[in-house]
Q: 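Submitted below is the structure of interest, expressed as structure tokens.
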Amino acid sequence: MSEEVGQMMLMYDDPSDQRSLSLDDTSSTEESPDETRLSLETTNDLIPYIGQRFPTHDAAYEFYSEFAKSCGFSIRRHRTEGKDGVGKGLTRRYFVCHRAGNTPVKTSNEHKPQRNRKSSRCGCQAYMRISKSTDLGVLEWRVTGFANHHNHELLEPNQVRFLPAYRTISETDKNRILMFAKTGISVQQMMRLLELEKCVEPGYLPFTEKDVRNLLQSFRKVDPEDESIDLLRMCRNIKDKDPNFKFEFTLDSNGRLENIAWSYASSVQSYEIFGDTVVFDTTHRLTALDMPLGIWVGMNNYGMPCFFSCVFLREENLRSFSWALKAFLGFMNGKAPQTILTDQNMCLKEAIGMEMPTTKHALCIWLIVAKFPSWFNAILSERYNEWKNEFYRLYNLETIEDFELGWRDMVNSFGLHTNRHIASLYALRNLWALPYLRSHFFAGMTSPGQSKSINAFIQRFLSAQSRLAQFVEQVAVAVDFKDQAGEQQTMQQNIQNISLKTGAPMESHAAAVLTPFAFSKLQEQLVMAAHYASYQIEDGFLVRHHTKLEGGRKVYWVPREGIINCSCHQFEFSGILCRHALRVLSTGNCFQIPERYLLLRWRRITMPMSKNLQAPRNDHMERIQLLQSMVSNLLTESAKSKERLDLAMENVSILLSRIREQPVAAALGFRDVSSTQRNFT
């Protein structure tokens with residue numbers, strides 16, 4: 001820093017900015033004509049200089065703001081001297097970097113929840129000072145102090161637009177957003193629509209999803225306390241009608257709702273079989289209540305998402321996440337999942353390590369990829385799509401060695417050595433990159449197709465304008481399949497005519513046991529297995545593609561015990577045997593897949609009633625379960641030929657019409673029927 005600039009630095013009068021930056025009020029208020037002329041001759045017109053003149057202080061602010069934006073920071077108004085209408089009026093103004101000063105210590109208020117927000121202030125000493133001048137009888141403002149020395153990293157031109165000072169929502173955009181909100185679409189969908197309307201790349205709108213959420217919240221006039229009371233009342237009413245409904249909540253010292261979680265009896269039943277891997281999505285908020293929303297979702301044997309639980313938390317901290325995990329385990333009778341997929345949140349990561357120490361934690365790849373446009377689109381420009389394709393290639397690699405080499409080449413090729421997002425992704429690679437996760441079971445939920453399915457499922461009962469009472473009803477609709485979408489897809493899978501492609505006995509055996517969804521995955525591997533050769537080696541088999549002369553996968557098979565495993569870890573990862581293992585079984589004259597490799601979670605099963613949830617048996621329930629068995633047999637027999645299927649559909653349609661003409665018994669509760677309906681899947 002030059003001696004002249006150093007002389008201009010003293011202490012701020014603002015207590016919150018002490019020990020960080022101060023501007024000497026007498027150091028450069030009067031510059032000589034020679035100094036001013038030198039500045040005009042040698043300084044770029046876009047850079048502030050001592051003696052620069054402006055007609056108003058607002059014009060000076062706008063000029064400095066544009067300069068700051070081009071440099072990679074934003075500014076804010078700081079001190080003033082004088083007061084409009086008093087004496088000489090306003091005589092001096094200070095504009096400072098948005099990171100100037102230190103964070104003032106806030107006095108805690110036990111009656112008001114404190115937000116856990118980090119301050120961006122770090123004592124930066126960049127500033128511009130202007131003073132009022134009336135030379136020659138003309139009122140103007142002159143730059144009397146300027147320093148552009150920052151103690152923090154400046155943002156790239158394509159990143160600075162995300163600073164709050166440069167994020168704006170025009171009145172036109174506000175009206176569009178409010179119109180979208182009335183249709184019930186999500187904030188993420190609103191952003192995509194606005195990008196399409198404005199013909200801009202993802203991430204290039206002048207505002208973020210958070211800005212849109214804040215806007216929607218500002219237009220709502222709902223008392224959060226009333227919403228909380230309604231939610232608790234609704235949960236208690238559901239509990240009165242259905243004793244198997246579960247919910248937990250905590251109140252703060254003032255008796256206000258702090259956290260609440262709930263789950264349905266049917267969800268607990270589903271979790272018993274399909275709770276081996278779960279997604280805990282905490283990226284949503286309801287605009288009606290500014291609280292983080294966590295949704296627990298799994299995947300059933302038909303490859304469709306299934307709901308497990310919901311939770312509202314006041315804060316996203318270690319204490320709140322630990323409570324949420326404990327509540328979930330309580331609902332599920334203490335059974336922890338094998339694996340859990342979440343968003344990137346260090347507090348949640350720590351809480352999972354504490355409350356679910358045996359569970360493998362991984363990050364949802366689709367939640368990471370959703371941030372790519374704002375992270376990389378502007379930086380990589382026309383190479384963004386090329387980079388994204390390379391990222392997906394690395395993500396899907398089989399070995400850690402190949403991933404490490406490929407990642408290094410990718411960073412070099414795209415010049416991303418200093419990018420903080422790339423550094424963060426690499427530091428957390430063991431939580432999201434498939435080469436590090438293949439030995440853990442995820443039921444295929446890491447695939448792009450399943451991620452879209454899960455997101456669509458969540459959006460079925462999540463909308464931007466939901467109030468709490470409406471939200472609980474929407475969740476109930478999704479769980480109880482009132483829209484019948486889940487059941488229809490299951491029925492369509494069951495009645496479709498499965499086409500055998502290999503003629504192998506193993507294929508027909510698997511088709512009779514597995515659901516169509518799981519069988520299609522196994523069938524893909526069976527078809528590919530025919531293109532592989534197996535070679536017996538000392539401790540097992542080496543299997544590789546018939547066109548390859550080197551490499552391959554090692555398969556270990558113990559026929560007597562029915563044990564087989566492969567070094568590719570596909571069975572451990574998806575629950576479906578790989579082509580390498582299937583090739584060895586075929587070579588060894590094995591005509592059926594060993595039972596242990598036809599997982600219960602992928603079979604054509606009916607949902608069992610949990611012992612602690614089972615309602616007292618009566619004649620009515622026994623007859624319903626008998627009907628269920630008959631319908632299951634009807635599906636199996638009808639699917640064997642087109643003629644059988646046509647006959648079944650014709651007669652079932654007639655029967656269904658006759659049944660609907662019959663009166664409904666008032667004593668029969670909806671949940672009893674819906675629980676039985678779900679058993680068909």
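Along the sequence shown, residues are numbered consecutively beginning with 1.
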Q: Residues two or more places apart in sequence or in another chain: which of them pass side-chain hydrogen bond (donor to acceptor under 3.5 Å, both in side chains) with Thr277?
A: Thr339
Q: List, one per line, each side-chain donor-acceptor pair under 3.5 Å for residues 370-379, sequence neighbours excluded.
A:
{"unit_1": "Lys371", "atom_1": "NZ", "unit_2": "Asp343", "atom_2": "OD1", "d": "3.4"}
{"unit_1": "Ser374", "atom_1": "OG", "unit_2": "Lys371", "atom_2": "O", "d": "3.0"}
{"unit_1": "Asn377", "atom_1": "ND2", "unit_2": "Pro202", "atom_2": "O", "d": "3.0"}

Q: Closest approach of Thr144 and Ser131, non-hydrogen atoms and distance?
A: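 Looking at all heavy atoms of both residues, the shortest contact is OG1-OG, 3.1 Å.
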Q: Run the salt bridge (Lys or Arg N to Asp or Glu O under 4.0 Å) check on Lys69 and Glu66 step by step: do they pass?
A: CA-CA 5 Å; Lys69 187 174 183 180; Glu66 286 300 315; 5.5 Å; no
Q: Between atom NZ of Lys174 and atom CG of Asp211, what is the distance when rounded to the nearest 0.5 Å?
A: 10.5 Å
Q: The criterion is side-chain contact (heavy atoms from CB on, under 4.5 Å); which residues satisfy it with Thr250, sequence neighbours excluded?
A: Glu258, Asn259, Trp323
Q: Measure from NZ or CZ of Arg129 to the centre of the six-membered ring of Tyr94, then state whether that distance is under 6.0 Å and the direction lies within 45° of the axis.
A: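 Ring-cation test returns no.
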Q: Name all residues meeting the side-chain hydrogen bond (donor to acceptor under 3.5 Å, both in side chains) criterion together with Ser74; count only those two or more places apart in sequence or in a different chain, and write none if there are none.
A: His98
Q: Can you sort out the partners of Asn385 under side-chain contact (heavy atoms from CB on, under 4.5 Å), two or more places apart, ordered by chain and number?
A: Lys388
Q: Given the side-chain rings of Tyr127 and Phe95, with only the six-membered ring counted for Trp, is the space between their centroids under 6.0 Å?
A: no
Q: Quick one: side-chain contact (heavy atoms from CB on, under 4.5 Å) partners of His152, sequence neighbours excluded?
A: Cys97, Arg99, Cys122, Cys124, His150, Leu154
Q: Looking at residues at least two apart in the chain, or sitting in another chain, which of them share a side-chain hydrogen bond (donor to acceptor under 3.5 Å, both in side chains) with Thr172?
A: none
Q: To the nearest 0.5 Å, how far apart are CZ in Phe391 and CD1 in Ile368?
A: 6.5 Å
Q: Crowded around Lys349 NZ? As in, over 12 foreign heavy atoms under 6.0 Å?
A: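 At most 12 heavy atoms, drawn from other residues, nucleotides or ligands, come within 6.0 Å of this atom.
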Q: Can you check side chain to side chain donor-acceptor pair (under 3.5 Å) on Tyr64 and Gln52, steps first, answer last?
A: CA-CA 11 Å; Tyr64 189 32; Gln52 187 175 9; over 6 Å; no
Q: Would you mind reporting whether His440 and Arg438 have side-chain heavy atoms less than 4.5 Å apart?
A: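 A side-chain contact is absent here, since even the closest heavy-atom pair is not under 4.5 Å.
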Q: To the closest 0.5 Å, what do you measure between CG (Leu416) and CG (Leu380)?
A: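 So the gap between those two atoms works out to 5.5 Å.
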Q: Just to verify, what does Glu195 make a salt bridge (Lys or Arg N to Asp or Glu O under 4.0 Å) with, not counting sequence neighbours?
A: Arg192
Q: With Ser413, which residues qualify under side-chain contact (heavy atoms from CB on, under 4.5 Å), at least two apart?
A: Arg383
Q: Using ring centroids (six-membered ring only for Trp), state whether Tyr49 and Phe146 fall under 6.0 Å.
A: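 Here the rings of Tyr49 and Phe146 have centres that are no less than 6.0 Å from each other.
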Q: In chain order, what residues pass the salt bridge (Lys or Arg N to Asp or Glu O under 4.0 Å) check against Glu209, with sequence neighbours excluded?
A: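 Partners of Glu209 under the salt bridge (Lys or Arg N to Asp or Glu O under 4.0 Å) test: Arg213.
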Q: According to ring-ring contact (aromatic ring centres under 6.0 Å, His included), who are the partners of Trp141, at least two apart in sequence or on a separate chain?
A: His57
Q: Measure the spacing between OH of Tyr426 and CH2 of Trp432 and express it to the nearest 0.5 Å.
A: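 Here the interatomic distance stands at 10.5 Å.
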Q: How about Arg429 and Pro435: do any of their side-chain heavy atoms sit closer than 4.5 Å?
A: no
Q: Would you kindly say whether Asp281 and Thr283 are connected by a side-chain donor-acceptor distance under 3.5 Å?
A: yes
Q: Mind checking what makes ring-ring contact (aromatic ring centres under 6.0 Å, His included) contact with Phe280, not counting sequence neighbours?
A: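 Phe280 satisfies ring-ring contact (aromatic ring centres under 6.0 Å, His included) with Trp296 only.
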